[in-house]
Amino acid sequence: MKCGLEIHQRLDTGKLFCRCSSTLADTERSPEYKLKRRLRASAGEMGELDIAARMEQEKEKEFHYDGFFESCCLVEADEEPPLDMDAEALRIVLGIAQQLHMDVCDELHVMRKIVVDGSNTSGFQRTCLVATGGYLETSKGKVRISTVAVEEESSGIVAEEAHIKHYRLDRLGIPLIELATEPDILDAEHCKETAEKIGLILRATGKVARGIGTIRQDVNVSTERGARVEIKGAQDLRTIPLYVQNEVKRQEELLRVIGEVGKRIGDKEIKPKVVDLTKTFAKTECGLIKKGLEAQTGKPGTNMGKAEGLHGLTGGHVLGIRLEGHEGLIGRELVPGRRYGTELSDYAKSAGVKGIIHSDEDFAKYKISDAEKEAVRKALGVKKGDAFAMVVAHKTTAERALHRVLERANMRRVPEETRKANQDGTSSFMRPLAGRARMYPETDLQTIEITDKLLGEAKAAAGGGLEEKEKKLGGILNPEMAGRMLRSRNLQLFEELVEAGAEPMLAAGTLEQTLVELRREGLELARPREQLMELFAEYGKGLFVKAAIPEILRGMCGGKKVREAAKGMERISGAELGKLIKEKKDFGAIMREYRLRVDAGELKKAMEGK
Amino acid sequence: MEKLKRARITSRGRVHEGIMLPSPKKEFLVLKLDSGYNIGIRKEGAKVEELGEVKVETGGEKKMETKKGRGDIAIIGTGGTVSSKVEYKTGAVFPSTTPEDLAKNIPGLDKVCTFHAREVFAILSEDMTPAHWSVAAAEIKKEIDAGAKGVVVLHGTDTMHYTSAAFSFMLQDSPVPIYLVGSQRSSDRPSTDARINMLNACFAAANGPMANVGICMHAGMDDDACVIHLGTKARKMHTSRRDAFKSVNVPPLAKVDYRSSLIEPYMKYKERGGKLKFDNRVNENVAMVYTYPGIHPEFVDKLSSYEGIVIVGTGIGHVPTNPFGDKLAKRITPNLKALVDSGIPVAFASQCIFGRINMDMYAAGRMLQEAGVFGHLADWTPECAYAKMCWVLGHEKRVDKVKGEMMRNIAGEIAERSEVL
């Protein structure tokens with residue numbers, strides 16, 4: 001097994017090629033404008049039309065975009081050429097590249113990576129290789145970093161209908177640093193360690209975005225007899241080992257299936273006829289088929305006339321093919337919950353259908369009768385040892401889907417693919433692994449010359465990196481808290497609070513313990529940065545004591561301002577405390593009653609002074 | 001097919017391997033790595049080891065089979081973004097694809113109409129001259145004479161509205177529609193607007209009842225319907241948006257959506273049929289000049305070598321006239337009068353773009369009229385007035401006649417009514 005990682009991390013700057021804010025609009029906010037678009041793939045610089053791009057295009061989708069005035073301008077709408085690359089984003093990436101001992105390119109060329117799934121209004125993602133050939137130290141040796149690039153974030157998908165994909169434009173164009181390792185990762189645990197370390201280095205710059213979705217790890221897995229596969233979208237580091245294990249297993253099992261097919265029919269390509277089975281199911285009880293036959297009378301929301309080349313939209317069809325020598329193999333489980341049939345089905349889906357029905361399934365479940373099954377077998381010419389697959393859709397779509405199934409079945413190797421990480425640790429086919437044909441130059445932008453001056457500035461701005469950060473935290477926090485803070489998502493906020501004058505241990509404790517406990521109770525600060533700044537500023541002025549902080553935060557989670565939340569918990573100090581000492585006389589008694597209002601240190605001093 | 005060299009470049013201890021591409025800057029070598037990324041490497045101190053040749057297809061996408069012979073629609077290429085391609089030497093976009101390639105590369109075009117295509121020029125529209133209008137008009141005439149049911153002209157967007165105005169005068173009463181099509185996003189990108197603009201233009205040219213000269217471009221930011229603007233009333237009003245073209249002072253001629261077979265006229269149009277009145281003679285010696293605060297009267301004098309002038313003045317019909325004798329202000333009316341008196345026709349158009357000229361309303365307008373400058377009650381765009389002047393002067397020199405021709409509505413350039421839009 002060989003495994004490499006590709007990490008995408010959003011940078012905490014404005015957008016990469018326009019001057020919009022990278023702050024996303026509230027998810028509940030309704031869009032301020034909408035756009036409807038269509039895309040078609042164009043050839044890359046080398047004249048090739050990338051297979052991944054072509055596959056998406058064949059789905060003939062329409063794309064709808066939700067726009068927001070503050071975070072999207074004409075650049076996101078693909079109505080204006082890109083502006084210069086954001087200088088701060090470039091500086092951050094140059095800084096990180098130098099920390100990873102990389103060779104920075106002399107001149108940067110922004111490229112267009114064709115992506116016609118609608119996630120980019122332009123039909124391409126702007127990406128720019130910045131540096132090559134670095135490394136990272138890990139407990140199991142060096143992991144080489146092959147490339148660091150800076151690129152645009154895509155639009156976020158909102159919903160998908162049969163022929164329309166809905167996206168939001170606010171995320172489009174946020175800068176991402178993309179960092180790819182060589183396949184030097186030895187095992188699942190090592191993969192986790194490497195991902196974690198890269199995450200730490202990125203966060204140590206203090207210039208990367210925080211929160212869910214701001215970092216994405218893609219795993220590149222290659223096995224000796226299998227193929228290179230890229231698994232996209234693993235959100236949680238802890239699941240990475242599972243994806244690697246499952247991918248290795250999937251490839252091993254696939255090779256077994258392929259071996260079995262080879263034994264039965266040799267290397268020959270299977271070329272069955274696509275047979276129209278619609279009549280066979282004229283009176284079917286199968287809900288899925290019935291619905292499919294009725295529903296396919298047009299594309300919702302569009303008015304695709306014959307000019308689009310979409311003939312045969314007058315009704316749904318059931319089409320089927322014989323899969324020679326595949327009996328029992330389609331139902332073969334590759335990894336838990338995923339069969340060989342699921343792989344075939346994923347390919348069919350890329351043609352725009354919901355899935356396939358195949359002969360290794362339990363037809364009773366579909367309410368397909370034995371008579372119907374028999375009629376299908378006969379119509380398709382299915383013999384012993386064969387399997388078959390069916391699809392319900394528009395005729396052209398269904399034909400295309402079955403051709404996809406055949407294409408996949410005829411591969412007889414583990415195909416190079418980009419796969420989507422599923423929640424359960426498995427993955428699904430997304431598209432063939434994109435090749436270099438996907439890239440051509442962004443002609444709207446000039447190349448960027450990297451000078452020594454620029455590199456020097458970037459290095460200075462990036463600071464000392466991870467080691468220096470470790471040292472710094474070690475100096476202001478106890479060892480346990482320092483280690484915890486280094487790995488914390490709150491690191492940047494912690495540093496800001498300390499810079500503003502908060503006591504380090506108190507700030508760390510509040511972030512890592514108090515707020516975590518409150519969260520367990522379902523309480524959360526709406527604007528943590530501002531609210532904590534306010535809290536520690538008032539604490540610094542002596543408005544309340546440490547012990548009152550959890551209670552005050554509780555109030556603040558409910559929307560109260562600090563002073564309001566601290567009502568009745570104001571610190572008793574100085575002359576007032578003197579009065580209290582006179583009255584109560586006993587340290588323990590005072591602390592028991594006024595724990596949230598009296599600072600134990602001050603009380604002790606005051607009593608000793610007496 | 002083109003042959004490129006594969007190379008290994010060593011520079012400052014770094015080794016990169018890939019395909020050498022032409023570099024936009026001479027201090028750098030450009031290498032396309034196997035990952036697809038391009039990088040620039042400083043030439044100074046770089047060692048280049050050639051690793052043999054690679055053949056690459058540069059012809060774009062797989063060609064569709066084209067039907068030989070003539071189709072209903074004649075597609076004529078003149079260049080522009082609509083037929084552009086990446087130019088690797090400079091990294092810029094240049095017109096280089098023939099309309100034939102483009103037509104082949106527009107999936108679905110053959111389902112909208114039958115067509116044949118040829119290229120007349122391959123230039124950027126900012127390089128167009130009145131002489132080009134003349135040549136292109138003659139080519140269009142040939143197509144009409146040969147029986148085309150419609151003509152679609154691929155054109156850069158920058159000066160498309162000048163050309164459409166010129167065609168409106170040169171190809172009067174055309175029996176078939178003549179639509180100019182451009183694009184604001186080049187054809188080499190997936191999001192190009194060229195495809196939808198072309199499909200809609202060809203669909204309307206083949207099936208619509210109208211036979212006007214028009215510009216067919218996106219109606220809005222959506223890849224949806226297009227609008228056809230009347231050739232004499234259109235203007236490019238945005239540097240980059242797909243819907244850059246607007247109709248000025250009139251509604252668009254029609255809305256078109258080939259997907260739903262929609263052709264919805266918004267105004268009175270010329271029906272198909274009738275006899276073409278062709279006259280492509282132009283005079284290229286016409287100037288168009290903006291007036292502006294502080295314009296020097298001597299600047300106006302310098303225009304005396306031209307045979308016709310369009311003054312693009314301010315407001316409803318004004319230029320600096322200084323009627324109250326202000327110390328700092330200068331008037332240019334005497335200088336304009338001198339030009340007119342020397343036999344040069346001077347027309348007025350407004351920088352406002354929208355609205356009708358009225359030179360009776362204020363003193364400045366009256367002074368302009370007294371100086372012999374015409375344009376009173378015209379609602380033309382500056383560009384249309386200029387194209388018209390070039391055309392009128394192509395076959396008429398007498399100032400009075402020129403003025404008469406200019407003020408006569410020939411192709412919808414002067415609307416009778418100012419509609420509420």
Side-chain angles (χ1 to χ4, degrees), chain A residues 33-49 53 57 62 74 77-81 103 105-109 111-116 120-124 127-129 132-133 147 149 302-309 435-441 443-444 446-447 449, chain B residues 2 11-14 16 19 21 24-25 27-28 30 32-42 56-62 86-88 91-93 105 107-108 111-112 184-192 195-196 199 203 221-224 238-243 257-261:
Chain A
Y33 56 92
K34 284 176 182 263
L35 293 177
K36 266 190 238 167
R37 290 285 165 76
R38 285 179 285 161
L39 292 172
R40 65 176 292 263
S42 50
E45 186 181 13
M46 310 306 276
E48 307 150 68
L49 187 59
Q57 190 201 348
E62 192 168 280
L74 286 181
D78 189 45
E79 288 285 13
E80 187 178 299
D103 292 323
C105 300
D106 294 340
E107 186 192 43
L108 307 186
H109 290 234
M111 305 295 288
R112 297 172 174 174
K113 192 191 280 177
I114 296 174
V115 185
V116 286
N120 288 68
T121 45
S122 55
F124 49 75
T127 174
C128 178
L129 181 64
T132 56
T147 55
T302 61
N303 192 353
M304 297 281 199
K306 62 181 173 187
E308 276 286 37
R436 65 155 191 232
R438 254 172 103 197
M439 296 263 221
Y440 68 113
T443 50
D444 296 340
Q446 301 251 29
T447 56
E449 186 176 343
Chain B
E2 197 184 319
S11 161
R12 292 196 265 174
R14 286 173 277 173
H16 291 293
I19 295 167
L21 292 176
K25 290 182 195 158
E27 323 81 275
F28 291 93
V30 176
K32 184 171 199 72
L33 306 179
D34 293 336
S35 60
Y37 280 106
N38 291 10
I39 57 167
I41 301 166
R42 278 196 187 82
V56 290
E57 277 214 41
T58 48
E61 290 140 61
K62 212 173 91 189
V86 180
E87 212 282 338
Y88 297 109
V93 178
N105 288 336
K111 297 202 173 74
V112 167
Q184 290 281 83
R185 297 280 92 71
S186 55
S187 304
D188 60 280
R189 45 181 113 200
S191 62
T192 181
R195 178 176 175 231
I196 285 160
L199 289 172
F203 177 73
M221 292 202 288
D222 292 343
D223 280 339
D224 211 319
H238 200 279
T239 57
S240 62
R241 272 173 67 153
R242 286 167 172 74
D243 58 353
D257 189 350
Y258 73 97
R259 289 186 300 170
S260 51
S261 301

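Below, chain A is the first sequence line, B the second, and so on; all start at residue 1. For clarity, every value in this text was computed on a predicted model and none was experimentally measured.
With chain B as partner, the option from A:C105, A:G123, A:S122 having the largest number of non-hydrogen pairs under 4.5 angstrom is A:S122. Of the listed residues (A:L35, A:D78, A:L129), the one with the most heavy-atom contacts under 4.5 Å to chain B is A:D78. Most heavy-atom pairs under 4.5 Å with chain B: of the set A:T127, A:N120, A:T132, this distinction falls to A:T127. The choice from B:H238, B:E27, B:R241 that makes the most heavy-atom pairs within less than 4.5 Å of chain A is B:R241. Across B:H16, B:M221, B:R12, the residue that shares the most heavy-atom pairs under 4.5 angstrom with chain A is B:M221.
Of the two parts of A:T121, only the backbone, made up of N, CA, C and O, holds a non-hydrogen atom closer than 4.5 Å to a non-hydrogen atom of chain B. At a 4.5 Å heavy-atom cutoff, the contact between A:L74 and chain B is made by side-chain atoms alone. Residue B:T239 does not touch chain A at all, counting heavy-atom pairs closer than 4.5 Å.
Classification of A:D444 and A:R112 as a salt-bridged pair holds, one side-chain N sitting under 4.0 Å from a carboxylate O. The pair A:D106-B:R42 meets the salt-bridge criterion, since a charged nitrogen lies less than 4.0 angstrom from a carboxylate oxygen.
Side-chain contact between A:M111 and B:K32 is present, with heavy atoms from C-beta onward closer than 4.5 Å.
Between the A:E80 side chain and the B:S240 main chain, no donor and acceptor come within less than 3.5 Å of each other. In this structure, B:D223 contributes its side chain and A:R38 its backbone to a donor-acceptor pair below 3.5 Å.
Not counting sequence neighbours, the partners of A:R37 by the side chain to side chain donor-acceptor pair (under 3.5 Å) test are A:E79.
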